[in-house]
Amino acid sequence: MTTFADLGLSPKVLDAVEAAGYTIPTPIQAGAIPHALQRKDVLGIAQTGTGKTASFVLPMLTLLEQGRARARMPRTLILEPTRELAAQVEENFVKYGKNHRLNVALLIGGVSFDDQLRKLERGADVLIATPGRLLDHFERGKLLLTGVDILVIDEADRMLDMGFIPDIERICKLIPFTRQTLFFSATMPPEITKLTEQFLHAPVRVEVAKAATTAKTVEQQLVKSGKKDWEKRAKLRDLIRAEEDGLKNAIIFCNRKKDVSELFRSLVKHEFDAGALHGDMDQRARTTMLANFKDGKLKILVASDVAARGLDIPDVSHVFNFDVPIHSEDYVHRIGRTGRAGRSGKAFTLVTPSDVKHLASIEKLIGEDINWYDGDLTTLPVSEETDEAPRRGRNARGKSESKRKPRNEGRERERPQSEIDIIAAAERAKETGEQPVIEEKPARKTAEKPQKAAIKAENEQRRARPAAPQEQPRRERDRDHRRDRGDNEPSPVGFGDEIPAFMLIDTKI
DNA sequence: AAAAAAC
């Protein structure tokens, strides 16, 4: 059997790999590392979670042992689609580069330029970047890419989805063609193939098992829900409580950033140990939330699809899809956050009548039918609860809640759309391939309209101006959730009564 | 129906 020692890595690297507890390389590592060490271009087709990162980090470390970096002339460049992934790659260099003395610089948006400039000045052996900030530095003349010997393009198909390809093309053209290129993508759509033809030289193709099939270690279930947000939130709370026993930690995915912050605040109000993660949040908050979740200081992370791919959190016990993802591949990525490294995991997806179309395409993609949750959440005592916070008289900030009238009282009795109908329609949709028809009353729009218009206007304003400092979660709190909140302000759970410093200070210190 | 990324 192949071991890391057989791949041609240097003793320093092998020592660090061993110290990290690994002896057997994954297929992508075994396939890519020997070629990378021979300075060949590599086209790696692999999903995240296959050990892809180490398949370029380890050979790079070995190759970097020869030579030194010069100021403003990084020796290697790694491009990542999101800030979190870039940071994660940096952590890998720290872990496996513990026997090396390499300068690693992380160039991502949302944080100050100064540290990044200092590291560039000092000479970076490894530059890890998201495209926007990299080009920003370049345009300011702080960076020369003519000294780059190794270029890594990671998650290329995701870069495509995100519209980064023009940036990638531009960056590729700034780097001498004598470089070595390591290129990774989970899928190979035509645009990506074109890119590899343009920028790779006689690449060695390393392909590992496609993970369009979901991990066997993940137990997937569908949960019927009414379509209204408050119904979904109530259902989710019931579900989390029903799963309480085996629930070590959980990621809850929403389709929209707005829903992430809404749900986050609702959960906090209901005294769940929850945090939030989405791309409009202050970078400091993003980093802190993710770090706390990884460290187990935060039990529940409500997130947008920024967290769907690639994030390496080995121990997530549950994934909840608050919304059915619109693109079926995202479902695979999301539930792939659990059941990692051979551990078992559970994935629950809330399904409303309007979701059955997307559900059908998910089941088609993964090639199996997902079971419906058979536990009866309605028998749980908590399901009689309204969407209001538990009435304990006093919340964390000591304000009395007793004055407030429980507006939602009795709502739970107004049962959502017949749940049986949802299942039947979903099954019909699968058989016929057609869009299921469920009778739905058009949503009544009355008093809510002006409020919605105001929110929309505000959103557009927000988009137009640069990201406000201190965006999340405090600011968003005041926006559009009067229905879901009382006059009490939830304090972020996991920090006790204290508002953590990162939420109170301005971004730029 | 969305999200992601530079200031």
Side-chain angles (χ1 to χ4, degrees), chain A residues 48 79-88 106-114 116-117 128-143 153-171 186 227-229 232 251-263 276-283 286 290 302-311 321-331 333-334 337 350-359 361-362 435 440 443 452 456 459 462-469 471-472 506-508:
Chain A
T48 51
L79 294 172
E80 293 288 335
T82 68
R83 298 170 186 174
E84 277 76 14
L85 283 177
Q88 198 167 281
L106 180 64
L107 303 190
I108 59 172
V111 294
S112 114
F113 275 83
D114 297 348
Q116 299 179 355
L117 284 175
I128 305 158
T130 46
R133 182 56 73 95
L134 181 87
L135 287 170
D136 203 340
H137 278 288
F138 182 79
E139 279 158 14
R140 292 170 189 226
K142 304 297 180 192
L143 181 62
I153 297 168
D154 198 12
E155 303 263 339
D157 52 350
R158 193 169 179 205
M159 302 250 205
L160 173 73
D161 289 345
M162 291 166 66
F164 282 170
I165 297 305
D167 287 348
I168 299 300
E169 285 177 332
R170 190 171 156 213
I171 293 165
K227 64 182 291 182
K228 296 205 175 66
D229 281 354
K232 293 174 81 173
I251 304 181
I252 304 172
F253 285 103
C254 301
N255 287 355
R256 300 170 198 77
K257 290 179 280 204
K258 170 178 152 293
D259 293 321
V260 170
S261 38
E262 223 170 271
L263 178 61
L277 183 68
H278 68 67
D280 278 355
M281 282 166 56
D282 178 78
Q283 186 58 36
R286 279 169 73 163
L290 187 59
V302 188
S304 69
D305 279 316
V306 70
R309 300 195 202 191
L311 286 195
N321 288 312
F322 184 75
D323 299 306
V324 176
I326 296 159
H327 295 299
S328 43
E329 324 86 70
D330 287 335
Y331 176 83
H333 292 297
R334 287 180 181 185
R337 295 308 98 208
L350 294 189
V351 182
T352 73
S354 38
D355 293 327
V356 286
K357 177 178 64 167
H358 293 123
L359 176 62
S361 70
I362 288 168
Q435 183 164 352
E440 280 181 54
K452 278 201 173 158
K456 210 173 164 190
N459 280 340
R462 290 153 65 84
R463 224 169 288 135
R465 67 171 185 251
E471 167 109 8
Q472 164 77 18
D506 200 289
T507 339
K508 298 218 173 79

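Here is how names work: the chains are called A, B, and so on, in the same order as the sequence lines, proteins then strands, and each is numbered from 1.
Remark: Lys257(A) is in phosphate contact with dA4(B), judged by side-chain N or O atoms under 4.0 Å from OP1 or OP2. Contact annotation: Arg286(A) reaches the phosphate of dA5(B) (side-chain N/O to OP1 or OP2, under 4.0 Å). Of the side-chain N and O atoms in Thr130(A), one or more sit less than 4.0 angstrom from OP1 or OP2 of dA6(B). Under 4.0 angstrom from either OP1 or OP2 of dA6(B) there lies at least one side-chain N or O belonging to Arg83(A).
Residue contacts shown for Asp323(A) are absent, as no nucleic acid heavy atom lies under 4.0 Å away. Looking at heavy-atom distances under 4.0 Å, Phe113(A) makes contact with sugar-phosphate atoms alone, never a base.
The side-chain heavy atoms of Leu79(A) and Asp167(A), taken from C-beta on, include no pair separated by under 4.5 Å. Leu117(A) has its side chain within reach of His137(A): a pair of non-hydrogen atoms, C-beta onward, lies under 4.5 Å apart.
For the pair Arg170(A) and Phe138(A), the cation-pi criterion (under 6.0 Å, within 45° of the ring axis) is not fulfilled.
Residues Asp259(A) and Lys232(A) are not paired through a salt bridge, judged by the lack of any N-O separation under 4.0 Å between the basic side chain and the carboxylate.
Atom pair Leu277(A):CG and dA3(B):C1' shows a separation of 12 Å (rounding to whole Å applied). Rounded to a whole Å, the CD atom of Glu80(A) is 12 Å from the P atom of dA5(B). Straight-line distance from the CG atom of Asp136(A) to the P atom of dA5(B): 15 Å, rounded to whole Å. Asp157(A) places its CG atom 17 Å from the P atom of dA4(B), with the value rounded to the nearest Å. Rounded to an integer number of Å, the gap from NE2 of His358(A) to P of dA3(B) is 14 Å. Atom P of nucleotide dA3(B) and atom CD1 of Ile252(A) are separated by 17 Å, given to the nearest angstrom. Between Asp305(A) atom CG and dA5(B) atom P there is a gap of 12 Å when expressed in whole angstrom units. As a whole-Å value, the separation of Asp114(A) CG from dA6(B) P is 17 Å.
Residues Cys254(A) and Leu263(A) approach most closely at SG-CD2, 3.8 Å, considering heavy atoms.
Here the side chain of Ser304(A) is nearest to one of dA5(B), dA4(B), dA1(B), namely dA4(B).
Taking only distance into account, the side chain of His278(A) never meets the base of dA3(B) through a donor-acceptor pair shorter than 3.5 Å. One N or O donor and one acceptor, one from the side chain of His327(A) and one from the base of dA2(B), sit under 3.5 Å apart.
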